[in-house]
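The next block holds one structure in the form of structure tokens; read it before the comments.
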Amino acid sequence: MDVVIDAAPGLRPDSSADANRLVMARSSVYRWMVVNAPRFGFVNYAYEPWHWEWTGEPLLPGVPISSLPQEGSEPITEPADQPTSETPASGSTARNRR
């Protein structure tokens, strides 16, 4: 994804001119992105401060984002009508307590 970080006077936000990249690298937005974007699975292209790519996984320790839906994926759930090892095969625990 392209993020408007900042731009040197007279240059576009996506210009790779050295003066523009220097202005971006010194901006508070870019510094925030460098520190925080990896927590959400984003990495930066070193030569393009405005360009970030989502890898799908955070690069720093923390809560994994792999539990979020991914394109083309379906959540894994057990069918409600089939007993599991934690669920008794017949009757319910609530009925047995009465």
Side-chain angles (χ1 to χ4, degrees):
M1 96 178 149
D2 289 345
V3 178
V4 176
I5 302 284
D6 205 345
L11 295 173
R12 295 173 39 96
D14 62 348
S15 168
S16 58
D18 289 343
N20 205 40
R21 293 187 305 120
L22 181 61
V23 166
M24 286 185 207
R26 290 180 175 170
S27 75
S28 59
V29 173
Y30 181 73
R31 289 187 309 231
W32 187 92
M33 292 290 288
V34 168
V35 171
N36 293 288
R39 294 185 318 152
F40 303 99
F42 285 91
V43 295
N44 180 232
Y45 288 164
Y47 193 73
E48 297 178 350
W50 65 88
H51 191 94
W52 295 80
E53 181 176 337
W54 188 62
T55 64
E57 289 297 326
L59 300 178
L60 300 175
V63 177
I65 59 173
S66 59
S67 59
L68 296 175
Q70 305 287 319
E71 184 179 337
S73 67
E74 296 293 325
I76 299 173
T77 58
E78 294 186 35
D81 60 342
Q82 293 183 359
T84 63
S85 59
E86 296 93 30
T87 307
S90 62
S92 78
T93 307
R95 269 191 252 142
N96 293 338
R97 289 186 197 158
R98 289 186 196 170

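These numbers were taken from a predicted model, which means no experiment stands behind them.
Side chains of Met33 and Val3 form a contact here, defined as non-hydrogen atoms less than 4.5 Å apart. No side-chain heavy atom of Trp50 sits under 4.5 Å from any side-chain heavy atom of Pro13.
Distance alone, capped at 3.5 Å, places no donor-acceptor pair between the Asn20 side chain and the Met24 backbone.
Smallest separation of non-hydrogen atoms from Arg31 and Arg26: NH1-O, 3.2 Å. Across all their heavy atoms, Trp52 and Ala37 have their closest contact at CZ3-CB, 3.6 Å. Scanning both residues, Ser15 and Leu11, for their nearest heavy atoms gives OG-CD2, 4.0 Å. Of all heavy-atom pairs spanning Asp6 and Ser27, the tightest one is OD2-CB, 4.0 Å. Minimum interatomic distance between Asn44 and His51 (heavy atoms only, all atoms of both residues): ND2-O, 2.8 Å. Contact detail for Pro49 and Ile5: the closest heavy-atom pair is O-CG1, 3.8 Å.
Cluster membership for Trp32 and Met1, using ILVMFWY side-chain heavy atoms within less than 4.5 angstrom, is shared. Residue Phe40 is grouped with residue Val34 when hydrophobic side chains (ILVMFWY) are merged at heavy-atom distances under 4.5 angstrom, including chains of intermediate members. Hydrophobic clustering, with ILVMFWY side chains joined whenever heavy atoms are under 4.5 angstrom apart, keeps Tyr47 apart from Val43.
In this pair, Phe42 and Trp54 present their aromatic rings tilted. The plane angle is within the 30 to 60° band.
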